Amino acid sequence: MKRNKYDLKKICAGVFGFCLIYGILIILIAWKQIQASQIGRGAVYGFVLLMVILAGYMMHLLQCDKTGKPSKGLYLIHTVEKYQFLIEQLVSRDFKIKYKRSVLGVFWSFLNPLLMMVVQYMVFSNLMRFQQDHYSIYLLTGIVMFSGFNDCCNQALRAIIGNASLITKVYVPKYIYPITKVLSASINLVLSMVPLLLVTLIYGLGNADHLYLTWAVLLIPIALVLLIIFTIGMGFLLSSLMVFFHDVEFLWGVLSTMWMYATPIIYPISILEGADNLLSKVTLKVIRVNPLYHYIEFMRSIIISGCSPALREYVICAAWSFGMLAFGAFVFKKTQDKFILYI
Amino acid sequence: MIQVQDVSMRFKMSNDKITSIKELVTQTLRGKVQYNEFWALHDVNFEVKKGEVIGIIGRNGAGKSTILKIISGIMKPTTGNVVRYGNIVPMLELGSGFDYDLTGRENIFLNGAILGYSKEFLYEKYDEILAFSELGDFIHMPIRNYSSGMLMRLAFSIATVVNPEILIVDEILSVGDENFQEKSHARMLELMSGGTTVLFVSHSLKQIREMCNRVVWLDGGTVRMFDDVETVCDAYKL
C-alpha cells in the first residue's frame, strides 16, 4: 500500500507555520484586548513557550521518523493518514443524513439556536429577572455551547451500538466511530457560531450599553477546539459504557439535564455568590469544578467582555479537555476488545 | 501468508445476558451470575501459503465463522494469535456498511472507505463498479428504494473491484438473478486465479471441490483434518 501520502516534514512545517501565524495574528490584532485583560504580557511569554515546545516535539518526531523509532505522535499521523478518507466519509454521511429529508436542510443549524434563544429569552426575561448585563447574549452563548455539547454526547452515545452491523463484519479501528460522531455533530456547533455572532452584532447596534464584537473573536476557535476535545473524551466514555449497560442512555438523559442546571446558562452565577444557605454554597462549589462552566465563561468573556479570558482559564479548560480525552480513551481502550461479545 | 497459531476462543455466556446495571447488581447480590464457558475454537493451527485457495467446511456451530472473524481481525482470540501479511478484504456479509438514506453513488464511496479503499482508487474505479452492478440511473436513488437483488449486486460490485492479497468469503457466491450469478461466479474465479489468497467457507462440497486447493475441516472447534481437497471431501462425506 502507499505509505507516504503525507510528507512528515511538510506537515510539521504546516502545523508549526499555522500556529505561529495564528498566534501572531491574535497578538497583533487583539493586543489592546489582551493588554486590557488579566493576562497582559503573559500571553506573549505563554505563546513563545508553546511554540518552543511544539518545535521541539516536531524535531523529535522527524528524528523518530528518520531512525524508524516508534513514537505515539508518528503513529497518530499514520493512522490519520490511513483512515482520513473513511473519517471524511463517515462524517459526511452523518451530516447528510441529519438533514436529508428536511426542506430547509443545513439552514436548521442556524435557525435552531435562534429559535431556542427566542423561546428562552421570552420565558426568562419576563418570568425571572436576573441582574446580568446583556442578558440575551449571555443566555444565547450558554445555550449554543451547552446544546452543542449535549448534541455531540447524544450522538456519540450510540456510536458503537449503532454501528454494530459494521463492527461485527469489517475490521476498522473502533475509536473511529465515536470520533466521527462527535465531529459530525460538532459541525453544527461550529455553524451555530454564525447566528450567535450575528445576533451579537445586531444587538450591539441597537443597544446603548455598547456591546461590540472585538478582535477577541479570533479566540473563538480555541474555545471550540477545547470543547470538542472534551466532548470526544466524553464520547469515548459514553459509547463504551453504553455497550455494556444500555441503561446509560436513560441515565445520561437525566444526567445531562442535571448538568445543564448545574451550569450557569440561564442564571448568572452572581445569584449564588450572594446567597448564604448551605445549598447555594454547595452548588457554587459544584459549578466551580464544572468544566462546562469554564468553557462557557471562556466564550462569554470573548463575546460579551470582548477580551481574552484570564490565563488561568486557558489552563483549566485545556486540563479538562485533555484529561477527559485521556480518561475516555483509557476506558475505551480497556474495553474495546469486548465490544463484539456484547453488541 | 496467514499463520493461525494455537487460536482458542472462549465465549462467556451468563445464563441471561446482563445488559443493565440494575440486573448486574441484583444478580451479583443474589450470587446468581453464573457463566457458562463455551469454547468456540480450541487450539486451532493451520497455515496458508500465498495464492492458495483454502476451503473451510464443518457442521453448523463448528466455528467456521468465528475463525474467519478472528483472521479478519474483527475478534481477538482468547489465546494464541494470527499472523497475516497483506491487506485483507473480508466479505463476511455483503453491504453491511450501507446506509439506506444515501444514494447508490454515495454508498459506493462510504462502503469503499469502510473496506479500506483509497479515494483515488474509488474515483478511478467508479465507472467499473457501476457497470458491473448494472444499476444504471438507479445509482442516483436512495438505496432504501432498491430491491434486495439490486442491493446485493451493488454490494458485490464494490467488494470485488479490488484485487486484494487476502480475500475472506463467507458463503456469498449466489447473489442476484441467474445472469448475475454467473457473472459474479466468473468474477470470483478470476479473483482466485489472480494470485489472491482466499479463505472460503461453504456448505457446498461441489463448490469446494471446484475451487479450493486445500480444505480445513472444523469439528466442534478443533481442526479435524487439514489436507488436499479430495482427501478431506471424501472423508467429510462419510
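Quick note: numbers below take in every heavy atom, side chains included, and nothing from hydrogens, waters or symmetry partners. Reminder, nothing fancy here: chain letters follow the sequence lines and each chain counts from 1. What you see is a predicted model, and the numbers here were worked out from it, not measured in a lab.
- For a residue to count as touching a neighbouring chain, one of its non-hydrogen atoms must lie under 4.5 Å from one of that chain's; by this rule Ile167(A) touches chain B with the backbone only.
- Applying the 6.0 Å contact sphere to OH of Tyr22(A) captures more than 12 heavy atoms from other residues, nucleotides or ligands.
- Both the backbone and the side chain of Lys169(A) come within less than 4.5 Å of a heavy atom of chain B.
- Surrounding CE of Met141(B) are more than 12 heavy atoms belonging to other residues, nucleotides or ligands, all under 6.0 Å away.
- Taking CG of Leu166(A) as the start and CG of Asn111(B) as the end, the distance is 8.0 Å to the nearest 0.5 Å.
- When heavy atoms are compared at a cutoff of 4.5 Å, Val170(A) approaches chain B by way of both its backbone and its side chain.
- To the nearest 0.5 Å, the span separating OG on Ser118(B) from NZ on Lys82(A) amounts to 13.0 Å.
- Both the backbone and the side chain of Lys119(B) come within contact range of chain A, judged by heavy atoms closer than 4.5 Å.
- The CG atom of Asn163(A) sits 8.0 Å away from atom CD1 of Ile114(B), with the distance rounded to the nearest 0.5 Å.
- For the side chain to side chain contact (heavy atoms under 4.5 Å, CB included) test with Asp99(B), the passing option among Ile97(A), Leu90(A), Asp94(A) is Ile97(A); the others fail.
- For Phe138(B), the CZ atom is loosely surrounded, since the number of other residues' heavy atoms within 6.0 Å does not exceed 12.
- For the set Asp101(B), Asn107(B), Leu68(B), Ile168(B), the entry with the most heavy-atom pairs within less than 4.5 Å of chain A is Asp101(B).
- In this structure, chain A has heavy atoms under 4.5 Å from both the backbone and the side chain of Glu106(B).
- Around CH2 of Trp108(A), the count of heavy atoms belonging to other residues, nucleotides or ligands within 6.0 Å does not exceed 12.
- Enclosure of atom CZ in Arg144(B) by more than 12 non-hydrogen atoms of other residues, nucleotides or ligands within 6.0 angstrom is indicated.
- A heavy-atom distance below 4.5 Å is not found between the side chains of Tyr117(B) and Phe85(A).
- Between Lys338(A) atom NZ and Lys76(B) atom NZ the span is 11.5 Å, to the nearest 0.5 Å.
- Summarising the local packing, CZ of Arg84(B) is surrounded by more than 12 heavy atoms from other residues, nucleotides or ligands at distances under 6.0 Å.
- Between Leu86(A) and Leu110(B) there is no side-chain heavy-atom pair separated by less than 4.5 Å.
- In plain terms, the two heavy atoms of Thr168(A) and Lys69(B) that are nearest each other are O-CE, 3.3 Å.
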